[in-house]
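Heads up, the thing below is written out as structure tokens.
None of the values given here were measured: they were computed from a predicted structure. The analysis underlying the following values was restricted to heavy atoms, covering all of them including side chains, and did not include hydrogens, waters or symmetry mates.
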Amino acid sequence: MTNVRAWPPRRYAGKVSELARMRTDLATDLHGFVADTVDSVVLCGSELFTNCLRYTASGRGGGQVIRTLWAIGDRVCVGFTDDGDTNGRIPQIPYARTVQEWASAEGGRGLLLIEATATVWGHRPVCGCCDLGRHTWAAFTLPDPPGLPETA
């Protein structure tokens, strides 16, 4: 039987000042997991949260970000849902940049970090017909032996 665990979603105001609380909450929720896994999830979660603020309505007045967290089998997955209004942008790594463009780039490095750290990542719209938000997630393979820590 596959172990499954889901934590209740957490909501954050769309402010940079909420980043520290989100990191603390994520580390607290992952108590009992291997420290390297927790560090990777928190690091990538920070990038995904920041992208919600930077590129969507979540970072504007009254915006919010919803964090999800679940574990199934040998993976733990963290996700963030933004408020939409992205002007058609979707999360993607800008592979077509030249070396000079990468040297001065202010964006795109976070997704490279996520791709290098997570087992897999992705995104999907909240609603396929309009820009009401996007859920972006990253999954991490748990070290052997597979399984979830006991709950407190």
Side-chain angles (χ1 to χ4, degrees), residues 4-33 35-142 148 151:
V4 177
R5 183 169 175 197
W7 289 258
R10 291 188 183 255
R11 293 179 185 269
Y12 300 93
K15 300 176 181 178
V16 174
S17 61
E18 289 283 88
L19 184 57
R21 184 169 72 93
M22 187 281 301
R23 287 179 182 146
T24 299
D25 289 346
L26 194 50
T28 298
D29 288 345
L30 292 172
H31 176 78
F33 283 78
D36 284 347
T37 300
V38 175
D39 291 346
S40 294
V41 174
V42 171
L43 176 65
C44 291
S46 297
E47 291 295 332
L48 292 173
F49 183 87
T50 301
N51 283 353
C52 290
L53 302 182
R54 186 173 184 180
Y55 298 112
T56 77
S58 291
R60 298 182 208 134
Q64 68 174 350
V65 177
I66 300 170
R67 191 215 74 199
T68 56
L69 181 66
W70 65 99
I72 184 167
D74 68 344
R75 289 195 180 171
V76 63
C77 188
V78 64
F80 294 86
T81 303
D82 63 51
D83 283 342
D85 193 18
T86 62
N87 295 318
R89 290 186 308 267
I90 61 169
Q92 60 185 345
I93 297 171
Y95 288 112
R97 288 183 178 164
T98 65
V99 172
Q100 293 81 13
E101 289 169 330
W102 273 114
S104 63
E106 292 185 24
R109 296 177 191 274
L111 290 178
L112 277 173
L113 176 84
I114 292 165
E115 184 162 281
T117 307
T119 304
V120 63
W121 71 277
H123 56 86
R124 62 174 172 71
V126 170
C127 176
C129 66
C130 48
D131 192 6
L132 296 178
R134 179 164 298 277
H135 183 76
T136 307
W137 54 270
F140 304 82
T141 301
L142 299 171
L148 305 178
T151 57

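- Across all their heavy atoms, A71 and F33 have their closest contact at CB-CZ, 4.5 Å.
- Taking F140 as the reference, nothing meets the ring-ring contact (aromatic ring centres under 6.0 Å, His included) condition, with sequence neighbours excluded.
- The minimum heavy-atom distance between L26 and V41, with the atom names listed, is CD2-O, 3.7 Å.
- By the 4.0 Å N-to-carboxylate-O rule, R10 lies close enough to D29 to be salt-bridged with it.
- Shortest non-hydrogen contact noted between S58 and V65 is CB-CG2, 3.8 Å.
- The aromatic rings of F49 and F80 lie perpendicular to each other, with more than 60° between the two planes, well past the 30° mark.
- Counting only heavy atoms from C-beta outward, the side chains of H135 and T68 approach each other to under 4.5 Å.
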Would you check, one step at a time, whether the test side-chain contact (heavy atoms from CB on, under 4.5 Å) holds for D25 with R67? CA-CA 10 Å; D25 289 346; R67 191 215 74 199; 4.1 Å; yes
side-chain contact (heavy atoms from CB on, under 4.5 Å) between T37 and L30: does it pass, once the steps are laid out? CA-CA 9 Å; T37 300; L30 292 172; over 6 Å; no
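- The structure places CG of N51 at 11.5 Å from NE2 of H123, a figure rounded to the nearest 0.5 Å.
- The minimum heavy-atom distance linking T117 with C44 is given by the pair CB-SG, 3.7 Å.
- Checked by atom type, the side-chain pair D82/Y55 shows no donor-acceptor distance below 3.5 Å.
- Closest approach of R21 to R11, counting heavy atoms only: NH2-O, 3.4 Å.
- For E18 and K15, the salt-bridge test fails: no basic side-chain N is under 4.0 Å from an acidic carboxylate O.
- Put simply, the side chain of Q64 does not reach to within 4.5 Å of the side chain of Y12, judged on heavy atoms.
- R124 meets the side-chain hydrogen bond (donor to acceptor under 3.5 Å, both in side chains) test with no other residue; sequence neighbours excluded.
- Checking S46 against R23 by side-chain atom types alone, a donor-acceptor pair falls below 3.5 Å.
- Looking at D74, its side chain never comes within 3.5 Å of a backbone N or O of T141 through a donor-acceptor pair.
- Between D85 and R60, at least one side-chain nitrogen of the basic residue sits less than 4.0 Å from a carboxylate oxygen of the acidic one, meeting the salt-bridge criterion.
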T119 vs R75, test: side-chain contact (heavy atoms from CB on, under 4.5 Å). Steps then yes/no. CA-CA 9 Å; T119 304; R75 289 195 180 171; 3.3 Å; yes
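- In this structure, I114 and A138 approach most closely via the heavy-atom pair CG2-CB, 4.1 Å.
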